[in-house]
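Letters A, B, ... mirror the listed sequences (proteins, then strands); counts begin at 1. The shown structure was predicted, so the numbers you read here are calculated from the model rather than taken from an experiment.
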Amino acid sequence: MINFGYSINKPRVIDIDRNNLHKSNEILREMPELQACIGCGSCTATCTAGNLTSFNFRKVHTLVRRGEYQGAYEEMNKCMLCGKCRLVCPRGINTRGVVMLIKRKLGDF
Amino acid sequence: MKHVIVIGGGIAGMQCAAELARGGIRVTVLEKQSDTGGKLRNWHKLFPSLTPAGEVLGGLNHTLRRLPNIDVRTECEAAELSPRRVVLATGEELECDAVVVATGFTLFDARIKEEYGYGIYDNVITSADLEEMFNTGKVSTTSGAAPRRIAFLHCVGSRDEKVCQRHCSKVCCVTGVKQAMEMKELFPAADVFNFYMDIRMFGPGYEEMYREAQQRCNIHFVRGRISEVSPTIDGRLQIKAEDTLTGRPLKIGVDMLVLLIGMRANDMNAVLEQRCGLERQTSGFMRPRDQFLHNTESNVAGIFYAGAVTAPKSVGESLNEGTAAARGVIEYLAAKECTDNSTIDE
Amino acid sequence: MNMKRSSWTEYQKEIADDRYYYARSCIRQNFFPGSEKAFLNILGKDLGRDIFDDPLHTSCTGIGYHSDIVPLETIMTVVARQFALMSEAGYENFTSSCITSFGIYTEILSTWEEFPETEERTRENLYKATGREFSKPKNLAHTSDVMFHHREQIARQARRRLVNVYTGEPLRVVEHIGCHYAKIFPKSGIGGSEFPYVLAGMVEAWGGEIVDYPERRHCCGFGFRNYLVQANRGYSVANSHKKLESMAPYKPDFIVCNCPGCSMFLDKWQYTIAEMEGITYGANGGGIPVLTYEEMAGLVLGYDPWELGMQMHQVDVEPLLDKMGVEYDPSAKYLGRNGKYIGQPERALVNSCSQDTLYKIKR
Amino acid sequence: MSFYADFCIPFIAGATVMFAAIALKYVTWLKRLPKSDLMLIAKGIPTPRTAGAVWEIFRESLLHRRIFRVNPLLGYMHMSLAFGWFLLIVVGWTETVAYLGMRWVPLQGHVFFKYFMPMNGIEGHKPFFDFVMDLLLLFVLSGVALAWFKRFRSRSMGMKRTTKHVLFDRVALTALWFVFPARLVAESITCGLYGGGSFLTGGIGAGLAAAVPPEALAMAYEPAWWFYSCALGVFFVAMPFSRYMHIFTEIPLIFLRHYSLRPEAKEKSYDNFEIQACSRCGICIDPCQLQSQLGINDVQSVYFLRDRRYAMLQQKIANNCLMCGRCEAVCPVGINLNTLRLNSRSTMRNIPNERRYNYLAGLDRSQGEGRVGYFAGCMTLLTPKTLAAMQRIFEAAREDVWWADKDGGVCCGRPLKLSGEVDSAQKMIDYNKELFRRHGITTLVTSCPICLRVFREEYGLQGVEVLHHSEYILRLMHRGRLSVKYSAATFTYHDPCELGRGSGIYDEPRAVIEAVGHLTEPAHTREDALCCGSSVANTAINDAQQLRIAEGVAQELDATDAETVVTACPLCKKAIMRGTARRVADLSEIVAENLGR
């Protein structure tokens, strides 16, 4: 292969058709309330880890729901599980449970 | 006996006519279509209670037929009006003591948003088409197959300057949620995606319904407006949007795309403005005398508004306005009689 | 595929019938010089129209403009000079070969309309610089518009149709109109930007079938700065890659492009993608031939493919010529004027050569 | 005398299997103990602790004192079965000795003594033993009767729910139910045929002899002993694999516990002693609010231990626990239920990751300077009134304070640890420890009991005194650095789990409240206090379920009719606020509002 001095950018698009939604469906089956997220961002705003890093819980779980698993486990590992997000979620989502569930499903334990 | 002409035999007009008749007034309802009921005739079920539209309409029709002094003239269009006179499209002139304009709205023509492919690709339908399908009981793709993935697009012809529809049509959000749930009910194995810009759940029970759609029905809500629709090689539709909550473009193949079309002001409203001295808002809907205390009155004494002629409204709101307008008419006529009499006395 | 669409008819524009002033394209004359020649021949000889190829005119400097090198005032003056030359030559209908130029002309005419003071300043600048004065063209069209305008006449004079001679089926054609044709001012393009019809109209008139694939409207990826800076080229090629991935399942027989830049990129990136990713498109991995609409018209009218300059393509066109039943001399492919060997591009196949032998100059 | 009859085979086989299985278990468990635990045992044996253990074994394994405290009837049932059977064995052995002198008698000789030594015409008949043995048998039988009764009417024994058992348990239980009635029957028939026995066996025997023809009685004689032997045999075989293993596990457990062995954050061999010491009595079920408020019936400690013992523990069971410690407080065996659950979670979820939390490096968001450090904790940032009140208190006491996390800091690590990620939690612990060290504090005050617990138990902060703000405020008041006004206001107090049962702090907050107003206690209080339901230890229940628990707690607090509900944990405050219209305040708030001078 020739090195032309650049590489073909990988598309940023979330391709639902190509993504394997198996795990995301499993996650939603175990915790249907995650679908009730209205993207208000309270969780991320209050997040202890999010105030120290770029960790964005809302974004990561939304991407996981769309079948974008790349890096989600590593991102979720930034969470300290302190539970503030659960206290502020206006939709009463069990956010700590979500973190653990996503890690379990994507980390295979 | 006083005579009031109600223009438009939709739900607001029907409710208004019934209230007027109860108040001892002779009413003539002018209806463009072959039957009363307006847009509700083609609707299947109403949010958020899923009450069949026919139930509401049946009740209204029953009342209308039962009450005396109501004359419903179908296939009859008004061309010009003043507080004392309505000229029909045929040229016929009707005398009256007051007029209620309950002409409602026009459904947005989804073909104008050609990037969504309505009228171009198979299986791109509007929310109104879907209600028809519900009514006929034949919900399927054009090929007759059960859709495996369905997308709803909110705000088609609403909040869109590109099609001169700056206003919010108010009811499409909850209609989208309702129809998504109905589709999920019909096709439990299907994935349903709702693409929205905002979800505005303004009414009682709407937010609860939304939550139910999300959590119980597992309907995916994606915040982002679809930018374009294209056909795929296997005869499906490919949709592109941005998942704005993740900041990433998103594409997805669907078997059916439902466009939640908004409410457009009637073209006739311009005529009302030009020929009848009535005021219009920038949205094209008629302007009530004021938003709060005289919401069902026009700027011309003796001409009243009821229902979606002044702004997009839900069924319940339109019905309420029908009643409110009738009340206003009755008061207006009583007051007028008073002054007329005192003039005679003098 | 005859679409259930008529919306293109809503986007119509006036196209002059005769007496055109021709403005060439930088990219087209460098990469597809045969196409411009063919256009002049088709208009002048086959269709009997008056078209003037003025040796005095210059680049519109659009590439420089879009790369933030040429300022707006400068490009306006350059454009004004082209118009002045047109007036001096006694023409009123301006037609440009380049989509970028077409976009520039449209944009500048529109700017002058909205902000008359800019037109005044341009007049001043042009006069100061060259002593010339200009009048705006009566009609502005892209050369593809002109070709579209004459498509029926070409169809009548056609020697071949866009039909597979082996199967009798219409050829499946992917069309790409180029962003600056209608995306800036949809009203200035036939069919607008959503369902552009300028190339589709030609293809349908000449017997072919248009492929409507999901990424039909996507940019080829040229994007000026994105291509011109080497480090950004990955973004540029990613766009062509996306389009090719999207169209490949439809097995198109060829791609026809409106814009010289797009023709170049969709053609040459196929080779790049093959080298970088090992992915090849088209039957047997031979690539999907990319034609300019001039070449397409030329083939339909019976021109010799090598005279049309089709040997300049990265992707070999012979399989397409065979399908169309075009007779050609394979040995004459890389012979230029007076039978001189002009060099040969590499085929768009993986690992077919090393970097320093992109062009085999020696026979 | 050979002391052998064919019917003894089931008994002998059963006893052999049982002793072999138990021996195997003991040896394996002890062999796998970590070195440090073995050292503790070695050091502990020659100390008075051993005697203490023996006394406790007598008290708990035989008399079941703790169960008596839960419910006297239940206690009697357990005591009659355990102590009664024990005495039967002891007295039976003595009886053998009394009749036969000190000579070796095989086990079945002791157990089936009545069979081998029918009293008919025997020399030196000792009716005293007959009487004692009958009395003891009656004692045990009364326990069996109560057990039967409990199966059907558990409520009258102070238990709303009893344990749902697995197959081995049912087999063992059934066998056990039959052991003593079978013994009664066998011995009675023997007495009927050969005399002997006292008021019970003798009495029934005489009755039988009168009612049934001797041939029929003789025919029933062997089968009755067969049946008794079978019941014992079946019970013995099932025992090591059933809940009855607790009988023999509790004994070594008590010794080990006296030698200071404890379960830890990661599983180890010692856990086996605790797990198998569970008799599945089910006393832990009723206090569990997941059961009483939410009707969740399969996650309680008894089921958790059972599932873990049989290696069928699922994450959803392990995760579904508030770790409020209410079950631990009542467990008659004193099993460290929370720690065991925690180390199960650790086994299931702990994935050490070196790079995790690398972002903590070099971070310091603390403010101020002082020997006293205040650590608000993540949750307290959502109850800013607490933060403001603490500030006023510090100011009033003229304390220079170093604020560790006023603008957000790093979590104390306990929530992560409670979820099982023990190794990763250590990274936060290390970070905060270093932060405290760097700022040279000597006292660390926190208003969050969750933080408090991990600071005290895991941080090992040498030279730093860790105080909950209730303790700190009380100390300021005692030392005269803080004075408060007493008013007629009425308060009720909710004990946070981590503060009360978790850290043993009950009196300090009460003393503080009583300094500012009148305190009334809710129905469940102190060691028995309810959990607010928002515990960070539970990731399985949903928001609505949390709310239901909170409402239950709030109801009790409302019933006190106090003006203000006081608690001393930000999570409890948030949770209770959802369930009551009454004012809910942190302890610090009511102090700050009533500062004197």
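Between C:Y213 and C:K243, the side chains place a donor N or O and an acceptor N or O closer than 3.5 Å (distance only, hydrogens not considered). Using modelled atom types and a 3.5 Å distance limit, the side chains of C:N226 and C:R233 yield no donor-acceptor pair. Inspection of the A:E68 and A:N19 side chains reveals an N or O donor paired with an N or O acceptor under 3.5 Å.
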Worked verdict on C:Y293 versus C:E175 for side chain to side chain donor-acceptor pair (under 3.5 Å): CA-CA 9 Å; C:Y293 56 89; C:E175 58 93 66; over 6 Å; no
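No other option in C:A238, C:A231, C:S236 has as many heavy-atom pairs under 4.5 Å with chain A as C:A238.
In this view, C:H66 and C:H180, C:F224 satisfy the ring-ring contact (aromatic ring centres under 6.0 Å, His included) rule, not counting sequence neighbours.
For the pair C:R216 and C:F195, the NZ or CZ position fails the cation-pi test of under 6.0 Å to the six-membered ring centre and within 45 degrees of the ring normal.
Residues of residues 54-63 of chain A lying within less than 4.5 angstrom of chain C, judged on heavy atoms, are absent.
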